[in-house]
Amino acid sequence: MAGTVESTPHRVPTPALATTYEGMDSDLFQQVLPLVDYLEIAPDSISRTSNGHAGALRPELLDQIASATPHTGLIVHGIGLSIGTADGWNSSYIRLLDEFFSRFTPRWHSEHLGYTTVDGENLDTMLSLPRTEEMLDLLCERIRILQERYKVPFLVEHIIHLLPDAPAEYTPAAFLNALTSRTGCGLILDAYNLECDAHNFGFDIPSFLDELNLHPVREMHLAGGFEHHGFQLDIHSRPTADSTIALAHRILARCPNLEVVTWELLKEAAPALGASITCAELTRIRAEIANIPAELASC
Amino acid sequence: MLTLREQQQSLRRILTGTPVTEASAQTDPWLNEVMHSPGLAMTREIASWWLRFQVESQCIYTSRLMKHMGCYATYIDDHFSRNPTPPAIEELSRHFLTSLAAHPDRLLRSVAAFELECLVPSATRQNPALILWDRDPNHVLTALTQGTELPKSDRCARYILTIGPPSDSPRHVSCTSVCHR
Ligand SMILES: [Fe+2]
Ligand SMILES: [Fe+2]
């Protein structure tokens with residue numbers, strides 16, 4: 001079991017701002033582009049069926065992305081790799097990544113610490129992984145393959161839990177510490193996911209952040225969701241709550257290598273939210289991440 | 001003690017409501033905790049939302065028609081509880097639309113067949129696809145796009161929608177009406 005990692009607070013430079021790209025209405029795209037430094041691309045969401053087989057990215061969306069790249073950076077955030085499936089990850093997602101990397105070189109790529117398929121069947125949801133030595137070995141091997149194959153940094157993101165945790169040999173922070181120290185991979189800290197876990201089963205965010213090695217944190221996610229049947233859900237459909245922004249400030253003040261803050265919004269939620277709220281939210285987050293309260297920044 | 005693979009397989013069965021048969025899984029304390037946790041129903045509900053979102057985004061006309069008929073959510077839940085979800089979400093729409101080929105509603109069969117044919121990449125189409133309609137497909141698709149009232153079944157004519165070659169354009173769509181009286 002890894003011990004607590006000392007994390008000295010730092011005054012960090014203002015991070016860049018990103019938002020989710022899963023294909024975008026061209027009007028919204030033109031309005032969003034001047035407001036962000038990076039687009040966070042989900043390859044799964046910009047793919048289409050090709051000849052009966054998944055594995056082709058939609059050319060019109062690749063062209064839309066290419067039109068942004070002179071001024072806007074790219075980062076990749078996968079959904080469907082299923083990195084933790086015992087009998088092997090989803091190779092069709094790897095084909096999507098190969099295709100994306102053949103055309104673009106993103107700043108980094110990332111995936112969730114979870115699994116979405118079992119025996120080739122889709123679970124239609126993402127489940128969390130047992131924090132065991134066996135899982136750690138499996139992840140380390142797969143992360144090394146990804147690092148070797150794509151030659152850009154690879155980051156992992158913790159996901160929310162709705163089911164009881166499987167028997168564990170590590171605390172949540174110690175598991176991430178072991179993963180980052182063994183592989184050199186980076187971390188995405190999702191402030192909203194942490195809040196969901198705190199709401200849904202009393203996850204202790206301050207203790208988690210105290211124990212976590214914050215140096216590998218390169219990116220932070222912000223999002224807004226809603227409560228349903230008593231559960232706070234990671235369905236990214238709303239502007240960010242003030243409590244999430246406050247947590248983001250605390251994270252920003254302590255992560256010396258955090259380069260990008262991404263506001264996540266589901267493609268399906270974008271029409272209901274509307275362009276003006278979307279743009280206002282990006283403008284607001286840009287201002288918030290540039291203004292860490294003095295008492296946090298100086299401590 | 002379950003292996004990682006057995007743990008994941010058992011969890012998949014629990015999520016899909018399939019009986020967990022292995023003795024070791026039946027007595028596993030963690031799986032029992034999962035089965036009785038409030039998060040299980042929530043996880044299943046999210047899976048259902050996700051499926052509906054995916055299908056809706058790719059099968060726009062069919063999902064709108066089924067919502068109009070009041071059978072969309074129940075059909076999706078029922079269909080994907082009886083059939084495994086394809087590993088790639090892109091296959092979902094094909095799977096779903098194909099399943100509607102035997103639906104008792106004639107209009108729904110036509111709309112689903114039309115969207116299914118639209119998924120075929122134009123360059124690979126060898127022969128034209130012919131879809132029979134009991135009312136003018138132009139009016140049906142316009143009504144579904146605009147959310148206006150659907151046309152009634154045409155008592156005097158049938159319509160044949162043709163997609164694909166022979167024509168100058170491989171994506172060519174044409175419609176002819178056939179009087180059947
Ligand atoms: Fe994510
Ligand atoms: Fe996230």
> Taking only residues two or more places apart in sequence or in another chain, which ones pass side-chain contact (heavy atoms from CB on, under 4.5 Å) with A:L138?
Replying inline: A:M135, A:R142, B:L4
> Should the ring pair B:W133 and B:F114 be called parallel, tilted or perpendicular, given that the plane angle runs from 0 to 90° and is split at 30 and 60?
Replying inline: perpendicular
With a 4.5 angstrom heavy-atom cut-off, could you sort out which part of [X] is near chain A: side chain, backbone, both or neither?
| X | answer |
| --- | --- |
| B:E45 | side chain |
| B:L40 | both |
| B:P29 | neither |
| B:L11 | side chain |

>> I need the residue from B:R12, B:Q8, B:E56 with the largest number of non-hydrogen atom pairs under 4.5 Å to chain A.
In response: B:Q8
Engaged part of [X] at the chain B interface, taking heavy atoms whose separation is under 4.5 Å:
| X | value |
| --- | --- |
| A:Y115 | side chain |
| A:H228 | both |
| A:I79 | neither |
| A:P130 | side chain |
| A:N200 | neither |
| A:S82 | neither |

>> Between B:D134 and B:K152, does the salt bridge (charged side-chain N to carboxylate O under 4.0 Å, His left out) criterion hold? Intermediate values first, please.
In response: CA-CA 9 Å; B:D134 67 351; B:K152 299 266 183 289; over 6 Å; no
> Could you go step by step and tell me if B:S93 and B:Q58 meet the side chain to side chain donor-acceptor pair (under 3.5 Å) rule?
Replying inline: CA-CA 6 Å; B:S93 40; B:Q58 296 182 50; 3.0 Å; yes
> Would B:Y159 and B:D154 count as a side chain to side chain donor-acceptor pair (under 3.5 Å) if you check the C-alpha gap in whole Å, the side-chain angles of each, and the deciding distance to 0.1 Å?
Replying inline: CA-CA 9 Å; B:Y159 298 79; B:D154 193 327; 2.8 Å; yes
> When you look at A:L123 and B:T16, which way does the side chain to side chain contact (heavy atoms under 4.5 Å, CB included) test go after all the steps?
Replying inline: CA-CA 8 Å; A:L123 298 171; B:T16 55; over 6 Å; no
>> Measuring only between side-chain heavy atoms, which start at C-beta, is A:P164 closer than 4.5 Å to B:W30?
In response: yes
> Any sub-3.5 Å donor-acceptor pair from A:T20's side-chain atoms to A:L265's backbone N or O?
Replying inline: yes
